[in-house]
Amino acid sequence: MENVVVRFAPSPTGVLHIGSVRTAFFNWLYAKHNGGKFILRVEDTDKMRSTDENTQLIFDVMKWLGLSYDEVFIQSARIERHKEVAQKLVEEGKAYYCYCTQEELEQKKAQALEDGVSYKYDRKCRDGVPENADSADPVIRIKCPLEGATSVNDLVQGEVQVDNGQLDDFVLLRSDGTPTYMLSVVVDDHDMGVTHVVRGDDHLTNTFRQIQIYRACGWDIPVYAHIPLIYGDDGTKLSKRHGAVSAVEYQNLGYLPEALLNYLLRLGWSHGNDEIISVEQAIEWFNFDNVGKSPARFDLNKLNNVNSHYIRNTANDELYLRLESFFEREIDDEHKNIILAGMRSLKERAVTLVDLAEAAILYAYGPTQYTEECIKYHDEEHLTLTGEYLKYISGNENYDEEALLMMARTFAKEHDTKLVEIAQCLRCALVGKLASPSVFEIMQNIGCTAVEKRFNDYRNWDGYSRN
RNA sequence: GUCUCCUUCGUCUAGAGGCCUAGGACACAGCCCUUUCACGGCUGCAACACGGGUUCGACUCCCGUAGGAGACGCCA
């Protein structure tokens, strides 16, 4: 494939949607796979709804995900060019001024709805300016063919054909002189040399309109690939009511970019039975043949699974770096080292970076409260037994996990009890709940003094007044 | 309503006419491992929407039906 040029063209009228992220990723992969160019184009022609915050968010998310682009454009900077094309089409008789007022069109639309027929602009102004044209600011509409059919050979959807009778003379330039999306995309894609348009299949029907513009301008039509949308668990287009939909939300929820990308890739695309696919492998394998045509539902369980996999497989020091923004307190060097020492077993238990950060703080600093289940190990028997175990080991030189465990086993046997009784009581003291990495590992890492302090705190806990 | 698209376990999917007694992954259940929780290992549960063709043979090809989704803006 020579000189592939693709683009990701989000509009900053809302926060960057997770579905858009997948579109961006597929574009990026296709460019990388073919050694082509990837363009980021912010489509902000709707000035009323576009915001700088959302634009910034797009850049931030792309950076977070590592989706680098070769060029970046802000569409509104190109408005003059868009206008120029519209004007030229009018001069060539391929587009025309329409003086119909919005009220007039609203009325016709309402009428069509009442009659139960589908509304299409009636082309009133197509063959010349009507007598009573008093609208000061007309729009420019394209002259769509009245007969025949338009077809595309989509890389994902296959051959799709639509009767031109379905098309109406849509607006290219608004009455305030600004271009519509339909015009802007086509002009920009052409000017930027875009060879492949990869986007959500909600744009499929727009394609037939956009092709009319290409034809009117006499330009080459790009290759299209319309990928299915991501649905929510109820099978409809993923939206806010389904939960988190913006890319930053997932970042804040503690998902790793590589995990999110891996998950999104497998949603609708496959490579045999492969589930964990690195970005490098994805670049090598990606193609549109293996993109399914049917929409996929977003499944948080699977994302969680993939995320925990990537967390487990990230090196400890690297993981610590990623974790820093999730810590809810300052960490001094001493405690940082404790966390690093415990990272191997901590990361095995985490689903998100949020979980991991929380568990790490607990590990290094100890509990600030105890869960209800700790009451069970807060009776005289457990406290005495565990207290004696701590006394039993206090004089020992080897304060390491293995030795502590061995001594606990011996101690339990001597006192005719089970290891689990001591371990769980210790666990309550050390982290305030019944699930954690090995208590003996924690003891080794935080040291004898901290262990005794945590145990005393636990002993002094007034567990029974909590209820 | 009109147009377009879709339909394999609950979910993501493998499947290019015989390899299918339909495979994998997530989720779920059970067992093993085990100081808890996880991890890991094993086992189980669970699907070709329906009806017609074509064919010696159909999850795979064709046609219908049903269901679902998307698009129908001076939004993108």
Side-chain angles (χ1 to χ4, degrees), chain A residues 9-14 43-46 48-50 75 98 100 102 105 109 112-113 115-121 137-141 154 156-158 160-163 165-168 170-176 178-182 184-185 200-209 226 228-229 231 233 235-237 263 266-276 290 292-306 308 312 345-351 359 373 405 408-409 412 418-428 431 433-440:
Chain A
S11 81
T13 52
E43 307 222 321
D44 61 340
T45 50
D46 182 356
M48 295 300 287
R49 296 196 300 149
S50 299
Q75 193 164 53
C98 167
C100 298
Q102 296 203 43
L105 297 177
K109 211 174 286 183
L113 193 69
D115 298 347
V117 294
S118 73
Y119 169 78
K120 274 199 320 253
Y121 172 62
D137 26 43
V139 300
I140 291 180
R141 287 180 184 273
D154 192 280
V156 174
Q157 306 289 330
V160 185
Q161 194 179 69
V162 166
D163 283 339
Q166 294 297 324
L167 273 25
D168 67 353
F170 57 92
V171 174
L172 298 178
L173 215 60
R174 301 186 188 102
S175 52
D176 65 359
T178 60
T180 60
Y181 157 78
M182 222 55 90
S184 307
V185 236
D201 73 4
D202 50 341
H203 283 291
L204 186 59
T205 51
N206 285 333
T207 305
F208 298 95
R209 295 189 174 78
H226 286 93
L229 299 176
Y231 285 5
D233 53 14
T236 64
K237 205 172 164 179
Y263 173 70
R266 275 291 287 106
L267 204 57
W269 177 86
S270 60
H271 184 268
N273 282 335
D274 294 309
E275 296 288 344
I276 298 298
N290 294 324
K293 287 168 87 169
S294 58
R297 301 182 189 207
F298 193 85
D299 181 12
L300 199 60
N301 275 327
K302 189 119 180 185
L303 207 214
N304 282 339
N305 177 270
V306 174
S308 64
R312 281 199 300 279
S345 44
L346 282 168
K347 71 183 180 185
E348 204 164 88
R349 292 160 172 76
V351 172
E373 53 196 8
L405 172 61
R409 279 195 209 285
K418 286 185 175 150
L419 178 60
V420 63
E421 304 297 335
I422 299 167
Q424 287 297 64
C425 184
L426 277 170
R427 201 179 311 280
C428 289
V431 297
K433 57 180 185 175
L434 289 185
S436 81
S438 160
V439 289
F440 306 107

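Every chain is numbered from 1 and lettered A, B, ... according to where its sequence line falls, protein lines coming before strand lines.
- Once rounded to the nearest 0.5 Å, the distance linking CG of A/Asn206 with NE2 of A/His226 reads 7.5 Å.
- B/A49 sits 10 Å from B/U8 when the C1' atoms are compared, rounded to a whole Å.
- Nucleotides B/A16 and B/C59, compared at atom P, are 13 Å apart to the nearest Å.
- A/Arg427 and A/Glu373 are not joined by a salt bridge, as no carboxylate oxygen comes within less than 4.0 angstrom of a charged side-chain nitrogen.
- Between B/G23 and B/C48, the two C1' atoms lie 13 Å apart (nearest whole Å).
- For the atom pair CZ of A/Arg141 and SG of A/Cys100, the computed distance is 6.5 Å after rounding to the nearest 0.5 Å.
- Between the C1' atoms of B/A14 and B/A25, the separation comes to 11 Å (whole Å).
- Pairing of B/A14, defined by two Watson-Crick or G-U wobble distances under 3.5 Å, is not identified with any nucleotide.
- A distance of 12.0 Å separates CG in A/Leu229 from OG in A/Ser294, rounded to the nearest 0.5 Å.
- Pairing of B/U34, defined by two Watson-Crick or G-U wobble distances under 3.5 Å, is not identified with any nucleotide.
- Across all strands shown, B/A71 pairs with B/U2; the Watson-Crick or G-U wobble distances both stay below 3.5 Å.
- Comparing A/Gln166 and A/Leu173, the nucleotide of RNA chain B nearest to each residue sits closer to the 5' end for A/Gln166.
- Pair assignment for B/C19 gives none, since no Watson-Crick or G-U wobble pairing has each distance under 3.5 Å.
- Within 4.0 Å (heavy atoms only), A/Ser345 reaches no atom of the nucleic acid at all.
- Contacts of A/Asn304 with the nucleic acid, taken as non-hydrogen atoms under 4.0 Å apart, are absent.
- Between the CD1 atom in A/Ile422 and the CZ atom in A/Phe440 there is a gap of 7.5 Å [rounded to 0.5 Å].
- Under the 3.5 Å distance criterion, the side-chain polar atoms of A/Thr180 are matched with a main-chain donor or acceptor of A/Val171.
- Both A/Thr205 and A/Ala9 sit near RNA chain B, but only A/Thr205 has its closest nucleotide nearer the 5' end.
- No hydrogens or angles were tested; on distance alone, a donor-acceptor pair under 3.5 Å links the side chain of A/Ser175 to the base of B/C74.
- Under the Watson-Crick or G-U wobble criterion, with both distances below 3.5 Å, B/C28 is paired with B/G44.
- Backbone-only contact: A/Gly268 has heavy atoms under 4.0 Å from sugar-phosphate atoms and none from a base.
- Here A/Ser50 contributes atom OG and A/Glu43 contributes atom CD; the two are 10.0 Å apart, rounded to the nearest 0.5 Å.
- Of all the heavy atoms in A/Lys120 and A/Gln166, the pair that sits closest is CD-O, 3.6 Å.
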Spell out protein contact along nucleotides 14-29 of chain B as letters: B when the base is contacted, S when just the sugar-phosphate is, - when no protein heavy atom is under 4.0 Å; keep the 5' to 3' order. S--------BBBSS--
Scan nucleotides 32-49 of chain B nucleotide by nucleotide, 5' to 3', and note B when protein non-hydrogen atoms come under 4.0 Å of the base, S if they reach only the sugar-phosphate, - if neither. ---BBBBSS---------
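- Residue-level contact check: A/His226 touches neither bases nor backbone, having no heavy atom under 4.0 Å from any strand.
- For the C1' atoms, the distance from B/G10 to B/A46 is 9 Å, rounded to whole Å.
- With values rounded to the nearest 0.5 angstrom, A/Gln75 atom CD is found 9.5 Å from A/Ser11 atom OG.
- The separation of B/A22 from B/A47, taken at their P atoms, amounts to 10 Å, rounded to a whole angstrom.
- Under the Watson-Crick or G-U wobble criterion, with both distances below 3.5 Å, B/U7 is paired with B/A66.
- Contact annotation: A/Lys293 reaches the phosphate of B/C6 (side-chain N/O to OP1 or OP2, under 4.0 Å).
- Contacts of A/Gln161 with the nucleic acid, taken as non-hydrogen atoms under 4.0 Å apart, involve only primed sugar atoms and P, OP1 or OP2.
- Here the separation of B/C9 from B/C26, taken at their C1' atoms, is 12 Å to the nearest Å.
- The residue A/Lys120 sits apart from the nucleic acid: no heavy atom pair falls under 4.0 Å.
- B/G67 and B/C50: their P atoms are spaced 15 Å apart (whole Å).
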